[in-house]
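In what follows, a single structure is set out as structure tokens and then discussed.
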Amino acid sequence: MSPDSEQSTTYGFETRAIHAGYEPDPTTGAVIPPIYATSTYKQDGVGGLRGGYEYSRSGNPTRTALEGALAAVEGGTHAFAFASGLAAEDTLLRALTDPGQHLVLPDDAYGGTFRLVDQVARRWGLEYTPAPLDDVGAVRAAVRPGQTRVVWVETPTNPLLTIADIEALAGVAHEAGALLVVDNTFASPYLQQPLALGADVVVHSTTKYVGGHSDVVGGALVTGDDVLAERIGFHQNAMGAVAGPFDAWLTLRGLKTLGPRMDRHCDNAERVVEFLLSHAAVSHVSYPGLADHPGHDVAARQMKRFGGMVSFRVAAGQQAALEVCRRTEVFTLGESLGGVESLIEHPGLMTHASVAGTDLEVPADLVRLSVGIETAEDLLADLDRALSV
Ligand SMILES: *Cc1c(COP(=O)(O)O)cnc(C)c1O
């Protein structure tokens with residue numbers, strides 16, 4: 001099923017995730033694309049390309065299969081696979097912006113995104129303003145008509161799971177002649193479809209839920225706009241930060257089970273949230289599915305479910321929070337997220353150590369969970385043991 005076939009938009013999400021982007025091989029019938037470990041392709045006479053491939057930076061059939069599937073699951077027409085999420089972001093920034101232009105960035109952006117903009121892109125002339133994306137008025141005030149080229153959105157954000165209204169922000173960006181880019185890593189295309197809500201480009205760290213097994217680093221860009229697609233495709237080839245064939249194959253294998261995995265991540269996260277809310281050692285739980293979460297109504301409108309990420313505060317303070325991170329056995333202490341295995345971390349000293357002392361500093365008693373797809377009772381028992389000091 002190719003992504004631009006009419007069928008690909010009428011089939012359901014899981015069918016597209018499993019079938020889009022690849023037809024069983026005509027010579028062998030192979031149901032799954034091979035790992036095309038080749039750098040170059042034999043030409044039938046000068047310029048006589050078989051299937052359009054000439055060199056694997058420009059195109060590789062394993063990567064093409066992944067790109068077709070990614071376009072189909074995001075509801076786009078073109079997708080591009082990269083060596084990492086940040087490689088995708090770097091390529092996108094260069095494809096979309098010129099020196100002197102301006103970017104609006106979430107004031108709690110993923111740390112690597114912030115570093116890329118602040119320490120790399122700024123050196124070649126890109127300006128930026130951080131803004132609280134859950135406040136549409138604040139974003140409108142941060143936009144500079146004529147100079148702002150991109151409004152960059154993450155929702156939910158890390159680690160406090162702040163929600164941005166994609167449709168409203170698309171309106172703000174487009175009114176000012178800017179593009180809306182959405183980093184859809186935390187929600188995944190199964191839970192949230194930014195292109196349908198007005199986004200121009202979707203960014204993924206496929207390292208997380210799309211790959212889903214903590215065994216590969218990758219990134220992707222997806223769009224439904226032919227002009228943007230041509231620009232991004234040119235830069236993907238010109239800059240060269242492409243996904244290799246083995247990485248593309250692993251990511252495609254992960255993508256096939258994204259829907260069922262996400263449902264289980266959400267089921268388990270809901271059980272964990274319910275458990276934490278009832279635990280005396282926990283003073284606060286952040287989860288967009290909770291009615292008292294400030295972004296709950298927007299999340300309920302734009303997300304199918306509320307995801308697998310949960311953050312909570314430990315009543316007894318930072319030392320107790322660190323102790324909880326040390327004591328879990330099923331939850332593995334580590335950074336990253338979105339894999340089948342549950343992870344626990346202390347944002348203040350781990351993922352968010354670099355923002356200590358700034359406005360973005362996170363509470364010292366905060367613990368972040370990436371809830372995996374293990375047996376729910378084992379996860380609850382593990383947290384109960386760790387919280388009972
Ligand atoms: C991990 C992550 C990235 C960066 O992706 P890499 O694959 O690590 O380069 C970007 N955005 C978000 C929200 C992430 O979680």
Side-chain angles (χ1 to χ4, degrees), residues 63 66 70 74 79-94 103 105-121 130 133-134 150-164 166 181-192 194 199 201-222 236 239-244 246-248 250-251 254-255 258 262 265 288 295 303 307-311 334-339 343 345 347 350-355 360 362 368-372:
R63 195 175 94 216
L66 171 62
L70 285 167
E74 273 292 354
F80 304 89
F82 294 87
S84 70
L86 284 173
E89 295 184 17
D90 184 29
T91 305
L92 182 64
L93 286 174
R94 305 230 194 186
L103 194 78
L105 208 62
D107 67 1
D108 56 351
Y110 173 74
T113 302
F114 180 75
R115 183 177 54 201
L116 175 68
V117 170
D118 182 61
Q119 294 190 44
V120 182
L133 294 195
D134 55 347
V150 171
V151 175
W152 190 284
V153 171
E154 271 178 49
T155 182
T157 63
N158 180 22
L160 292 171
L161 306 169
T162 304
I163 301 293
I166 296 171
V181 170
V182 176
D183 180 336
N184 203 23
T185 299
F186 264 50
S188 91
Y190 181 65
L191 298 181
Q192 182 168 275
V201 181
V202 166
V203 176
H204 276 287
S205 169
T206 56
T207 312
K208 316 294 169 51
Y209 286 107
V210 170
H213 295 74
S214 306
D215 53 8
V216 60
V217 171
L221 301 173
V222 189
Q236 182 193 39
M239 294 174 66
V242 296
F246 185 50
D247 289 358
L250 279 172
T251 305
L255 177 62
L258 178 64
M262 281 319 291
H265 282 294
M303 297 175 77
M309 300 300 295
V310 178
S311 293
E335 300 190 358
S336 198
L337 60 120
L343 298 175
E345 68 123 358
M350 293 170 63
T351 49
H352 289 65
S354 64
V355 293
L360 299 185
V362 295
R368 187 190 82 177
L369 303 177
S370 172
V371 180

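Both ligands and their constituent atoms are indexed starting at 1 by order of listing.
Every residue two or more places apart in sequence or in another chain was checked for a salt bridge (charged side-chain N to carboxylate O under 4.0 Å, His left out) with Asp108, and none qualifies. Residues meeting the ring pair (Phe, Tyr, Trp, His ring centres under 6.0 Å) test with Phe82, sequence neighbours left out: none.
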Side-chain donor-acceptor contacts of residues 110-120 below 3.5 Å, not counting sequence neighbours, with atom names and distances?
residue : atom : partner : partner atom : Å
Thr113  : OG1  : Glu89   : OE1          : 2.8
Thr113  : OG1  : Glu89   : OE2          : 3.1
Asp118  : OD1  : Arg122  : NE           : 3.2
Asp118  : OD1  : Arg122  : NH2          : 3.4
Asp118  : OD1  : Tyr128  : OH           : 2.6

Pairs under 3.5 Å, nitrogen or oxygen of ligand 1 with protein nitrogen or oxygen:
residue  : atom   : partner : partner atom : Å
ligand 1 : 5 (O)  : Ser205  : OG           : 3.0
ligand 1 : 7 (O)  : Gly85   : N            : 2.9
ligand 1 : 7 (O)  : Ser205  : OG           : 2.8
ligand 1 : 7 (O)  : Thr207  : OG1          : 2.8
ligand 1 : 9 (O)  : Gly85   : N            : 3.0
ligand 1 : 9 (O)  : Leu86   : N            : 2.9
ligand 1 : 11 (N) : Asp183  : OD2          : 2.7
ligand 1 : 15 (O) : Lys208  : NZ           : 2.7

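Side-chain contact between Gln236 and Arg63 is present, with heavy atoms from C-beta onward closer than 4.5 Å.
The two atoms that bring Pro189 and Val210 nearest to each other are CD-CG2, 4.1 Å, heavy atoms only. Considering all non-hydrogen atoms of both residues, Arg368 and Pro159 come closest at CD-CB, 4.0 Å.
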